[in-house]
Amino acid sequence: MKSILSTLLCALCVLSLNSCGDDENTDSVWGNSEPPPFRPYILEGGRISDIGLYCVPPNGGTGETWYDYYKRTKTLTNYSDAEFILMPNTNAWVYNTDDLEEWTAISKLENKYQEEKTLFMYEDYKECIKHAVTWWPDYFSAYINGDVTIVCDKTLWGETPGTNLIGHFIDMHHTPCMPVGIENPALACRFGEKIPENLQERLINGAWVKTKYILKFTTEPTEKYSELTFHLTMPMTIEHIRDYAVAKYKGEDAVPVFTNHMFETDCKILFEW
């Protein structure tokens with residue numbers, strides 16, 4: 001046991017020393033300015049394997065794993081309990097290594113890339129925290145690149161099956177800002193400003209993808225059915241930061257790696273009126 005603990009402590013020491021190195025190729029973009037209260041970061045988009053839309057009524061899931069609860073088809077007694085989580089699932093493979101020196105070098109390159117990517121957000125963040133307590137948002141290096149659609153197999157709100165119902169959903173998951181854009185990102189809503197709740201305004205072209213969205217209906221439909229199935233499509237551009245860092249570490253052509261995807265998912269709900 002002592003041997004294992006000693007090995008872990010040594011590894012942590014090496015990581016700490018390496019992270020404080022003065023390698024000119026991995027200098028922080030913050031320069032001599034005041035460092036952030038914690039390192040701004042975005043999550044690796046390359047881990048996104050698919051998306052899920054899960055019905056999660058209040059006070060549910062007792063005694064179940066989150067996976068089983070999310071996947072299970074729910075039975076509701078009214079529309080007010082219709083709450084959903086829309087989230088990217090992160091089961092895709094990304095490069096990894098057991099070599100500590102290689103891993104530390106790749107991590108440094110990733111960190112520098114992330115700092116540069118989020119610098120425009122951090123400048124606004126610094127101004128915001130002078131006046132109010134806030135936190136750093138959780139976004140992937142992934143971006144909406146088209147129209148997100150939510151259609152139903154039944155008529156709802158008077159809209160026929162196949163009609164895009166995204167305007168009938170709001171996102172209840174608070175976020176402190178709204179970055180938009182890939183090559184030239186900017187804040188559509190700055191830190192502390194009111195973020196659009198309507199999903200149609202939230203998932204605009206170029207919007208950065210959050211870790212999750214908590215959805216509810218804007219109004220309750222008047223139509224009643226024994227079951228409904230929603231089908232969601234989300235076109236996305238994924239930025240593979242890890243692939244970029246690995247290529248740069250190996251001395252290969254290191255350019256940002258982007259791939260386009262059309263993610264789709266279904267969510268079925270049962271009703272007992």
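Bear in mind that the values here come from a model prediction, so they are computed numbers and not experimental data.
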Separation of [Y] [atom2] from [X] [atom1] (nearest 0.5 Å):
{"X": "N89", "Y": "S49", "atom1": "CG", "atom2": "OG", "result": "5.5 Å"}
{"X": "E272", "Y": "N78", "atom1": "CD", "atom2": "CG", "result": "12.0 Å"}
{"X": "T233", "Y": "D147", "atom1": "OG1", "atom2": "CG", "result": "8.5 Å"}
{"X": "L165", "Y": "T218", "atom1": "CG", "atom2": "OG1", "result": "10.0 Å"}
{"X": "F230", "Y": "T265", "atom1": "CZ", "atom2": "OG1", "result": "13.0 Å"}
{"X": "T104", "Y": "L109", "atom1": "OG1", "atom2": "CG", "result": "11.0 Å"}

Please, which pairs that meet salt bridge (charged side-chain N to carboxylate O under 4.0 Å, His left out) have at least one residue in residues 254-271, sequence neighbours excluded?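 Sorted pair list: E227-K268.
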Taking all heavy atoms of [X] and all of [Y], pick out the closest pair and write down the distance.
{"X": "C55", "Y": "F84", "result": "CA-CD2, 3.9 Å"}
{"X": "P221", "Y": "L156", "result": "CB-CD2, 3.7 Å"}
{"X": "H240", "Y": "G46", "result": "ND1-CA, 3.6 Å"}
{"X": "W208", "Y": "P185", "result": "CZ2-CB, 3.7 Å"}
{"X": "K74", "Y": "P57", "result": "CG-CD, 3.8 Å"}
{"X": "L203", "Y": "I144", "result": "O-CG2, 4.0 Å"}

Just list the side-chain donor-acceptor pairs under 3.5 Å for residues 169-181, sequence neighbours left out, or say none.
from: D171; atom 1: OD1; to: H173; atom 2: N; distance (Å): 3.0
from: D171; atom 1: OD1; to: I214; atom 2: N; distance (Å): 3.1
from: D171; atom 1: OD2; to: K210; atom 2: NZ; distance (Å): 2.7
from: H173; atom 1: ND1; to: K210; atom 2: NZ; distance (Å): 3.4
from: H173; atom 1: ND1; to: K212; atom 2: O; distance (Å): 3.1
from: T175; atom 1: OG1; to: Y139; atom 2: OH; distance (Å): 3.3

Between Y113 and Y244, is the gap from one ring center to the other below 6.0 Å?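 Distance test on ring centres: under 6.0 Å, yes.
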Evaluate the side-chain contact (heavy atoms from CB on, under 4.5 Å) criterion for residues M121 and L187: first the C-alpha distance (whole Å), next the side-chain angles of each, then the deciding distance (0.1 Å), finally the verdict. CA-CA 7 Å; M121 297 170 67; L187 289 175; 4.0 Å; yes
Within the structure provided, determine whether [X] and [Y] are in side-chain contact (heavy-atom separation under 4.5 Å).
{"X": "E83", "Y": "L215", "answer": "no"}
{"X": "T149", "Y": "I166", "answer": "no"}
{"X": "F191", "Y": "P137", "answer": "yes"}

Is there a path of hydrophobic side-chain contacts, each under 4.5 Å between heavy atoms of I, L, V, M, F, W or Y residues, that connects [X] with [Y]?
{"X": "Y122", "Y": "F120", "result": "yes"}
{"X": "I238", "Y": "M262", "result": "no"}
{"X": "I195", "Y": "I204", "result": "yes"}
{"X": "V56", "Y": "W66", "result": "yes"}
{"X": "F140", "Y": "V257", "result": "no"}

Looking just at side-chain N and O atoms, do [X] and [Y] make a donor-acceptor pair shorter than 3.5 Å?
{"X": "T219", "Y": "H168", "value": "no"}
{"X": "T97", "Y": "D99", "value": "no"}
{"X": "E102", "Y": "Y249", "value": "no"}
{"X": "T237", "Y": "N260", "value": "yes"}

Where do Y125 and W136 land on the ring pair (Phe, Tyr, Trp, His ring centres under 6.0 Å) test, with the steps shown first? CA-CA 8 Å; Y125 177 83; W136 192 255; 5.4 Å; yes
Taking [Y]'s backbone N and O only, do any of them form a donor-acceptor pair with [X]'s side chain (distance below 3.5 Å, no angle check)?
{"X": "T229", "Y": "C267", "answer": "no"}
{"X": "E201", "Y": "P196", "answer": "no"}
{"X": "T155", "Y": "G158", "answer": "no"}
{"X": "K71", "Y": "Y54", "answer": "no"}
{"X": "N111", "Y": "Q114", "answer": "no"}
{"X": "D124", "Y": "R190", "answer": "no"}
{"X": "K154", "Y": "L228", "answer": "no"}
{"X": "S141", "Y": "E44", "answer": "no"}
{"X": "T163", "Y": "E159", "answer": "no"}
{"X": "N145", "Y": "M236", "answer": "yes"}

When you look at Y213 and I85, which way does the side-chain contact (heavy atoms from CB on, under 4.5 Å) test go after all the steps? CA-CA 6 Å; Y213 304 82; I85 285 184; over 6 Å; no
Before accepting this row, confirm whether a basic side-chain N of the pair E64/R72 lies closer than 4.0 Å to the acidic partner's carboxylate O.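 A salt bridge links E64 with R72.
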Apply side-chain contact (heavy atoms from CB on, under 4.5 Å) to M234 and L86, showing your working. CA-CA 11 Å; M234 179 180 285; L86 166 61; 3.6 Å; yes
Applying side-chain contact (heavy atoms from CB on, under 4.5 Å), run through Y95 and I106 and close with a yes or a no. CA-CA 10 Å; Y95 181 85; I106 290 172; 3.9 Å; yes
Heavy-atom count check: over 12 atoms from other residues, nucleotides or ligands less than 6.0 Å from E252 CD?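 More than 12 heavy atoms, drawn from other residues, nucleotides or ligands, come within 6.0 Å of this atom.
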I'd like to check the side-chain contact (heavy atoms from CB on, under 4.5 Å) partners of D138; sequence neighbours left out, ordered by chain and number.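 Scan of D138 (side-chain contact (heavy atoms from CB on, under 4.5 Å), adjacent residues dropped) gives Y41, T211.
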Go through E110 and R242 one step at a time and tell me if the salt bridge (Lys or Arg N to Asp or Glu O under 4.0 Å) criterion holds. CA-CA 7 Å; E110 283 185 308; R242 177 68 55 80; 2.6 Å; yes
Side-chain heavy atoms under 4.5 Å apart, restricted to Ile/Leu/Val/Met/Phe/Trp/Tyr: what other residues fall into the cluster of V151, or is it alone?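 V151 shares its hydrophobic cluster with no other residue.
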Which residue pairs pass the ring-ring contact (aromatic ring centres under 6.0 Å, His included) test when at least one of the two sits in residues 252-273, sequence neighbours left out?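 Applying ring-ring contact (aromatic ring centres under 6.0 Å, His included) to every pair that reaches into residues 252-273, excluding sequence neighbours, yields Y79-F271, Y79-W273, H261-F263, F271-W273.
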Can you list everything that forms a salt bridge (Lys or Arg N to Asp or Glu O under 4.0 Å) with R47? Sequence neighbours excluded, please.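 Salt bridge (Lys or Arg N to Asp or Glu O under 4.0 Å) list for R47, sorted by chain: empty.
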